[in-house]
Amino acid sequence: QVQLVESGGGLVQTGGSLRLSCAASARTFSTYSMAWFRQAPGKERNVVAAITWSGVNTYYADSVKGRFTISRDNAKNTVYLRMNSLKPEDTAVYYCAAVVGGDWDSPKIRPDEYRYWGQGTQVTVSS
């Protein structure tokens with residue numbers, strides 16, 4: 001069983017920045033595909049960014065391209081989401097997700113492709 005613990009959420013003004021972290025308990029973290037999803041009240045959970053286990057490729061939702069950056073530090077068993085130029089529409093609960101394996105060059109972007117989930121961290125962007 002893999003445990004994921006997110007941190008770094010909070011309240012920020014429009015245009016501000018946050019960095020989310022997700023610490024994984026997996027002993028072979030480097031073999032896990034990782035992603036960040038978000039869910040606003042009354043809406044579906046959608047992918048924000050994803051990264052392959054190899055770290056070779058990443059995926060970003062159109063709404064965050066150029067503003068968010070996903071990265072991983074295998075030595076620290078941690079995946080990050082750097083969020084810049086935040087907008088009120090970025091307000092949501094952000095979830096970290098993990099699954100072992102996957103394509104070395106094609107990130108997984110559907111929720112049903114991920115086996116392990118964190119508890120979520122709230123991000124609120126005030127206007």
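Keep in mind that this is a model prediction, so the values were computed, not measured.
Rounding to the nearest 0.5 angstrom, the gap separating the CG atom in Leu20 from the OG1 atom in Thr78 is 12.5 Å. One distance of note links OG of Ser85 with CZ of Phe68; it measures 9.0 Å at 0.5 Å rounding. Atom NZ in Lys65 sits 13.0 Å away from atom OG1 in Thr69 (nearest 0.5 Å). Atoms CG and CZ, on Leu81 and Arg38 in that order, are 9.5 Å from each other to the nearest 0.5 Å. Taking OG1 from Thr58 and CZ from Arg72, the interatomic distance works out to 12.0 Å, rounded to the nearest 0.5 Å. Taking CZ of Arg115 as the start and OG of Ser33 as the end, the distance is 14.0 Å to the nearest 0.5 Å.
Annotation: side-chain hydrogen bond (donor to acceptor under 3.5 Å, both in side chains) contacts of Asp105 (sequence neighbours excluded): none. Listed by chain and residue number, nothing satisfies the side-chain hydrogen bond (donor to acceptor under 3.5 Å, both in side chains) test with Ser25 (two or more places apart in sequence, or in another chain). The ring pair (Phe, Tyr, Trp, His ring centres under 6.0 Å) search around Tyr32 returns none, not counting sequence neighbours.
Heavy atoms only, all atoms of each residue included: Cys96 and Val79 are closest at SG-CG1, 3.8 Å. Of all non-hydrogen atoms in Ala98 and Met34, the two that sit nearest each other are CB-SD, 3.4 Å. Considering every non-hydrogen atom in both Val123 and Met83, the closest pair reads CG2-CE, 3.9 Å. In terms of heavy atoms, Val48 sits closest to Val64 at O-CG2, 3.5 Å. Asn74 and Ser30 make their closest contact through ND2-CB, 3.6 Å (heavy atoms, listed as atom of the first residue, atom of the second, distance). Contact between Tyr80 and Asp73 at its shortest, heavy atoms only, is CE1-CB, 4.0 Å.
By the 30° and 60° cut-offs, the orientation of the rings of Phe37 relative to Trp117 is tilted.
Of the possible donor and acceptor atoms, none in the side chain of Ser17 sits under 3.5 Å from a partner among the backbone N and O of Asn84. Without hydrogens or angle criteria, Glu113 side chain to Lys108 main chain gives no donor-acceptor distance under 3.5 Å. At distances below 3.5 Å, not a single donor-acceptor pair connects side-chain atoms of Gln39 with backbone N or O atoms of Val93. No donor-acceptor pair under 3.5 Å is formed between the side chain of Trp36 and the backbone N or O of Ala50. With Thr91 contributing its side chain and Pro88 its backbone, the two residues share a donor-acceptor pair below 3.5 Å. Proximity of a side-chain donor or acceptor of Tyr60 to a complementary backbone N or O of Arg67 within less than 3.5 Å is not detected.
Here the side chains of Thr14 and Leu86 are not in contact, with every heavy-atom distance at 4.5 Å or above.
Residues Trp53 and Val56 fall within the same hydrophobic cluster, defined by Ile, Leu, Val, Met, Phe, Trp and Tyr side chains chained together at heavy-atom separations under 4.5 Å. Val5 and Phe29 fall into different hydrophobic clusters, where Ile, Leu, Val, Met, Phe, Trp and Tyr side chains are chained together by heavy-atom contacts under 4.5 Å. Hydrophobic clustering of Ile, Leu, Val, Met, Phe, Trp and Tyr side chains at less than 4.5 Å, counting indirect connections, unites Ile109 with Tyr114.
Within 6.0 Å of atom CD in Gln3, 12 or fewer heavy atoms from other residues, nucleotides or ligands are found, so the atom counts as exposed in its surroundings. More than 12 heavy-atom neighbours from other residues, nucleotides or ligands sit within 6.0 angstrom of CD on Glu89.
Cation-pi geometry between Arg45 and Tyr95 is met: under 6.0 angstrom from the ring centre, within 45 degrees of the axis.
Under 3.5 Å, the side chains of Thr124 and Gln122 contain a donor-acceptor pair of N or O atoms. With no hydrogens or angles considered, no side-chain donor-acceptor pair links Thr52 and Asn57 at under 3.5 Å.
At a threshold of 4.0 Å, the pair Lys87-Asp90 does not count as salt-bridged, since none of the basic side-chain nitrogens sits closer than that to a carboxylate oxygen.
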